[in-house]
Amino acid sequence: MEQKPSIPKGTRDFNPEQVAKRNYIFSTIKTCFETFGFQPIETPSFENSETLMGKYGEEGDRLIFKILNSGDFLSKVNNQLYADKNSNKITSSISEKALRYDLTVPFARYVVQHQNEIEFPFKRYQMQPVWRADRPQKGRFREFYQCDADVVGSESLWQEVEFVQLYDTVFDALGLKGTTIKINNRKILSGIAEVIGASDKLIDFTVALDKLDKIGEEKVKEEMLGKGIPQNGIDKLQPLFSLTGGFDSQIESLKQILSTSKEGKKGIEELQFINNAIQSLGLKTSTLQLDVTLARGLNYYTGAIFEVSAPEGVKMGSIGGGGRYADLTGIFGLKNVSGVGISFGLDRIYLVLEELGLFPETITKSTEVLFINFGDKEALFSLKAIKSLREAGVNSELYPDRITNGKHMKKQMNYANKRNIPFVVLVGEEEMNNSLYTLKDMKSGEQKKVSLDVLISSVK
RNA sequence: GUGGUUGUAGCUCAGCUGGUUAGAGCGUCGGUUUGUGGUACCGAAAGUCGCCGGUUCGAACCCGGUCUUCCACCCCA
């Protein structure tokens, strides 16, 4: 029975051109990572569930792809749980593995597990797919690649400074100008929550604040009130809503708001340190912007928080994110190892580069010379020439099927044409007898009979 | 998880209020051109109308379900 093939929701096939373009992004990022001193590691596509569960908040747990146990998985399920039909509780007994949700948590696991082999501070990068059981939409897939660079084992703020530079370097190398690197600090958010008497509602508070540019001041206040944040606290936020201007003037306003919060003041100090360094070092094409409403990845970040948005005019969610996590390895039993890292969203960067027409033309080139196949004798003769061409570093191939009854020449020429192969070589009986090759330039249509040496030098 | 949206030939899409053999362009294949591609002309093949069920004398069209696409919310790369 024939059935129409399909792939799961939120996944994609990539054709040769798309793969070439993706590889271009991969290799650009990889080169930048390595110039900054990062080394690659890889981790499995799936982890033990307990490694991942509970690290990304309640929402995150829901979006983790769980892998069903093999064998008779129902036999282990507690009868009571089964009768209750409680999906959450049953999940842990029928699924012990899950697809990785990001690269940061598996990395933390890796660090703890290999702590004795690692030389700290450890700078690693990782470019692998991650999976989320999300509903697809623009720039959002269920399988996508992240490119992460992290440093663990150092509390130095110079790392944050370097990561800002790394973002700038990568986007510059990709020709993507005008990205905004937004920065905030978890300590500032905690400080504000403390000042307004909502320390226990930090997450509700930041989630609401994060929506400021989307739903506006009034709606944000409504949401905060609805979450049980006291009115007099919200009133204290007033200077926050009117926070405008450059980095320095925003810092001044924050100093006023956070004058009574020790943690908040620490956050301000850190931001200032990073900003001062960046101002002094300069950025190529990106802009560093303080955004107090930035509240992403709250689950394990403790210091700086980064998010990168595409150049103005491109409608796309963030194309990168990251931050400082003081104790991510602590949950796996290794205390006092601070980490900081950033991530690039490959698939979204692809969409942005495509939309702005920033992919270089040269990256899709494949075969340079195609030999027409006139028959077995000619093919063997051609393959000798092809061998020399390949040794000279020229991508060459022989058309596999031979011309029969003098037909199919057209088909072979057409093949070269469709694949944008710039040169075609014809070797028939006449050429073989004279050890010559008819070289045709597909662009100009011109052709000439040449020796092997001339052939190689003409196409090189 | 919530709300909306989409699905007809390989691709992009027509198909009027349900009514014979479901169309076009592009592409594919063949020919004009048995050692020459891109252009032109001629011709051909190709569709379980996403899937399952229902209403009807009759369904691509109406109804229900399901999968898929895209979008917004939630959240996030």
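Residue numbering restarts at 1 for every chain, and letters A, B, ... go by the order of the sequence lines.
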Visitor: Looking at the side chain of Gln137(A), which of G38(B), C74(B), G35(B) is the nearest nucleotide?
Guide: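 Of all the options, the side chain of Gln137(A) is nearest to C74(B).
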
Visitor: Does some side-chain heavy atom of Asp327(A) sit less than 4.5 Å from a side-chain heavy atom of Thr302(A)?
Guide: no

Visitor: I'd like to know if Lys21(A) pairs up with Glu354(A) as an ion pair, taking the criterion as any Lys NZ or Arg NE/NH1/NH2 lying under 4.0 Å from an Asp or Glu carboxylate oxygen.
Guide: yes

Visitor: Rounded at 0.5 Å granularity, tell me how far CD in Glu42(A) sits from CG in Leu103(A).
Guide: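 If we round to the nearest 0.5 Å, Glu42(A):CD and Leu103(A):CG are 10.5 Å apart.
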
Visitor: Any sub-3.5 Å donor-acceptor pair from Tyr167(A)'s side-chain atoms to Gly321(A)'s backbone N or O?
Guide: yes

Visitor: Which nucleotide in the list U2(B), C76(B), G38(B) gets nearest to the side chain of Asn417(A)?
Guide: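 Side chain of Asn417(A) sits closest to G38(B).
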
Visitor: Compute the ring centroids of Phe332(A) and Tyr110(A), then answer whether they are less than 6.0 Å apart.
Guide: no

Visitor: Rounding to an integer number of Å, can you tell me how far Leu209(A) CG sits from C75(B) P?
Guide: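 So the two atoms are 13 Å apart, to the nearest Å.
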
Visitor: Suppose we call two aromatic rings close when their centres sit under 6.0 Å apart. Are Phe163(A) and Phe38(A) close by that rule?
Guide: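 Ring centres of Phe38(A) and Phe163(A) closer than 6.0 Å.
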
Visitor: Using the side-chain heavy atoms of Glu431(A), tell me which of these nucleotides is nearest: C75(B), G35(B), A77(B).
Guide: G35(B)

Visitor: Measure across Thr169(A) and Cys32(A) and return the closest heavy-atom pair with its distance rounded to 0.1 Å.
Guide: CG2-SG, 4.0 Å

Visitor: Tell me every residue that passes salt bridge (charged side-chain N to carboxylate O under 4.0 Å, His left out) with Glu194(A), counting only those two or more places apart in sequence or in another chain.
Guide: none

Visitor: If the C1' atom of A60(B) is compared with that of C13(B), how far apart are they to the nearest Å?
Guide: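 To the nearest whole Å, 14 Å.
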
Visitor: Indicate the atoms forming the closest heavy-atom contact of Phe306(A) with Leu294(A), along with that distance.
Guide: C-CD2, 4.1 Å

Visitor: Which value, rounded to the nearest 0.5 Å, describes the distance between Gln231(A) atom CD and Leu225(A) atom CG?
Guide: 5.5 Å

Visitor: Is a salt bridge present between Asp347(A) and Arg12(A), judged by a nitrogen-to-oxygen distance below 4.0 Å?
Guide: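 Salt bridge between Asp347(A) and Arg12(A), a charged N being under 4.0 Å from a carboxylate O: yes.
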
Visitor: Can you check the Ile319(A) CD1 to C76(B) C1' distance for me, whole Å?
Guide: 14 Å

Visitor: Answer yes or no: does a side-chain N or O of Lys315(A) lie under 4.0 Å from OP1 or OP2 of A72(B)?
Guide: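 Affirmative; the distance criterion is met.
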
Visitor: Are any side-chain N or O atoms of Gln412(A) and backbone N or O atoms of Met409(A), one a donor and one an acceptor, separated by less than 3.5 Å?
Guide: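 Looks like no, no N/O pair under 3.5 Å.
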
Visitor: Rounded to the Å, how far apart are Ile305(A) CD1 and C76(B) P?
Guide: 11 Å

Visitor: Could you list by number each residue of residues 34-66 of chain A showing a heavy-atom separation from RNA chain B of less than 4.0 Å, or answer none if no residue does?
Guide: Glu59(A), Arg62(A)

Visitor: With P as the reference atom in both, quote the distance from U6(B) to G10(B) in angstrom, rounded to an integer.
Guide: 22 Å

Visitor: Under the side-chain hydrogen bond (donor to acceptor under 3.5 Å, both in side chains) test, which residues partner Asn275(A), sequence neighbours left out?
Guide: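 Partners of Asn275(A) by the side-chain hydrogen bond (donor to acceptor under 3.5 Å, both in side chains) criterion, ordered by chain and then number, come out as Gln279(A).
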
Visitor: I'd like to check the salt bridge (charged side-chain N to carboxylate O under 4.0 Å, His left out) partners of Arg62(A); sequence neighbours left out, ordered by chain and number.
Guide: Glu59(A)

Visitor: Are the side chains of Tyr56(A) and Asp102(A) in touch, meaning some heavy atoms are under 4.5 Å apart?
Guide: yes

Visitor: In B/S/- notation, 5' to 3', how is nucleotides 40-45 of chain B contacted by protein heavy atoms closer than 4.0 Å?
Guide: ------

Visitor: Could you check how far CG of Leu353(A) sits from C1' of A77(B), rounded to whole Å?
Guide: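 It is 14 Å, rounded to the nearest whole Å.
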
Visitor: Distance check needed: C75(B) P versus Tyr101(A) OH, whole Å only.
Guide: 11 Å

Visitor: Under 4.0 Å, heavy atom to any atom of RNA chain B: which of residues 139-149 of chain A qualify?
Guide: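 Within residues 139-149 of chain A, the residues near RNA chain B are Gly139(A), Arg140(A), Phe141(A), Phe144(A), Gln146(A).
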
Visitor: Starting the side chain at C-beta, find the nucleotide from U36(B), U2(B), A72(B) nearest to Arg135(A).
Guide: U2(B)

Visitor: Could you run down the sub-3.5 Å N/O contacts of the protein with nucleotides 25-30 of chain B?
Guide:
residue : atom : partner   : partner atom : Å
U28(B)  : OP1  : Lys418(A) : NZ           : 2.3

Visitor: Any chance you could measure Leu436(A), atom CG, to Glu430(A), atom CD, to the nearest 0.5 Å?
Guide: 8.5 Å

Visitor: Please list, by residue number, the residues of residues 8-23 of chain A whose heavy atoms come closer than 4.0 Å to an atom of RNA chain B; answer none if no residue qualifies.
Guide: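 Contacts with RNA chain B under 4.0 Å: Lys9(A), Gly10(A).
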
Visitor: List in numerical order all residues of residues 451-460 of chain A for which some heavy atom is under 4.0 Å away from an atom belonging to RNA chain B.
Guide: none

Visitor: Work out how far the P atom of U28(B) is from that of C71(B), and round it to whole angstrom.
Guide: 30 Å

Visitor: Could you check, using the six-membered ring where one of them is a Trp, whether Tyr101(A) and Phe65(A) have ring centers closer than 6.0 angstrom?
Guide: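 No; Phe65(A) has its ring centre 6.0 Å or more from that of Tyr101(A).
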
Visitor: Closest approach to the side chain of Met413(A), judged atom by atom: which nucleotide of G1(B), G37(B), G35(B) is it?
Guide: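 Nearest to the side-chain atoms of Met413(A), counting from C-beta on, is G37(B).
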
Visitor: Taking donor-acceptor contacts at under 3.5 Å, does the side chain of Gln447(A) reach the base of U36(B)?
Guide: yes

Visitor: Map every base of RNA chain B to its dot-bracket character, where paired means a Watson-Crick or G-U wobble contact with both distances under 3.5 Å and | marks a partner outside the strand.
Guide: ((((..(..((((.....[...)))).(((((.......))))).....(((((..]....))))))..))))....

Visitor: Gln128(A): which residues meet the side-chain hydrogen bond (donor to acceptor under 3.5 Å, both in side chains) condition with it, sequence neighbours left out?
Guide: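 By the side-chain hydrogen bond (donor to acceptor under 3.5 Å, both in side chains) rule, Gln128(A) matches Gln126(A).
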
Visitor: Is the side chain of Arg390(A) donor-acceptor paired with the backbone N or O of Ser396(A) at a distance under 3.5 Å, no angle test?
Guide: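 Yes; at least one donor-acceptor contact below 3.5 Å.
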
Visitor: Considering the options Asp172(A), Thr180(A), Asp168(A), which one meets the side-chain hydrogen bond (donor to acceptor under 3.5 Å, both in side chains) requirement together with Ser286(A)?
Guide: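 The single option meeting the side-chain hydrogen bond (donor to acceptor under 3.5 Å, both in side chains) with Ser286(A) is Asp168(A).
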
Visitor: Given the C1' atoms of G27(B) and C11(B), what is the spacing between them in whole Å?
Guide: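 Taking atom C1' in both G27(B) and C11(B), they lie 7 Å apart.
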
Visitor: Verify side chain to side chain contact (heavy atoms under 4.5 Å, CB included) between Thr206(A) and Asp210(A), making sure each step is shown before the conclusion.
Guide: CA-CA 6 Å; Thr206(A) 51; Asp210(A) 189 40; 6.0 Å; no

Visitor: For G30(B) versus A45(B), give the span between their P atoms, rounded off to a whole number of Å.
Guide: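 These two P atoms come out 15 Å apart once rounded.
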
Visitor: Looking only at atom C1', what distance separates A14(B) and U8(B), rounded to whole Å?
Guide: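 Looking at atom C1' only, A14(B) and U8(B) are 10 Å apart.
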
Visitor: Could you tell me how far C29(B) sits from C62(B) if I compare only their C1' atoms? Round to whole Å.
Guide: 40 Å

Visitor: If a pair satisfies ring-ring contact (aromatic ring centres under 6.0 Å, His included) and one of its residues is in residues 125-152 of chain A, list it, with sequence neighbours excluded.
Guide: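 The answer is Phe26(A)-Tyr145(A), Phe33(A)-Tyr125(A).
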
Visitor: Sticking with atom P, work out how far A9(B) lies from U2(B), rounded to a whole angstrom.
Guide: 31 Å

Visitor: Whole Å only: how far is the CD atom of Glu223(A) from the C1' atom of C73(B)?
Guide: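 In whole Å, C73(B) C1' and Glu223(A) CD are 12 Å from each other.
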
Visitor: How close or far is atom C1' of G35(B) from atom CZ of Phe371(A), stated in whole angstroms?
Guide: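 The answer, rounded to whole Å, is 16 Å.
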
Visitor: In whole Å, I'd like the distance from the CE atom of Met316(A) to the C1' atom of C70(B).
Guide: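 After rounding, the gap between these two atoms is 13 Å.
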
Visitor: Using a heavy-atom cut-off of 4.0 Å across all strands, would you classify Gly317(A) as base, sugar-phosphate, or nothing?
Guide: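 Counting heavy atoms under 4.0 Å across all strands, no contact is made by Gly317(A).
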
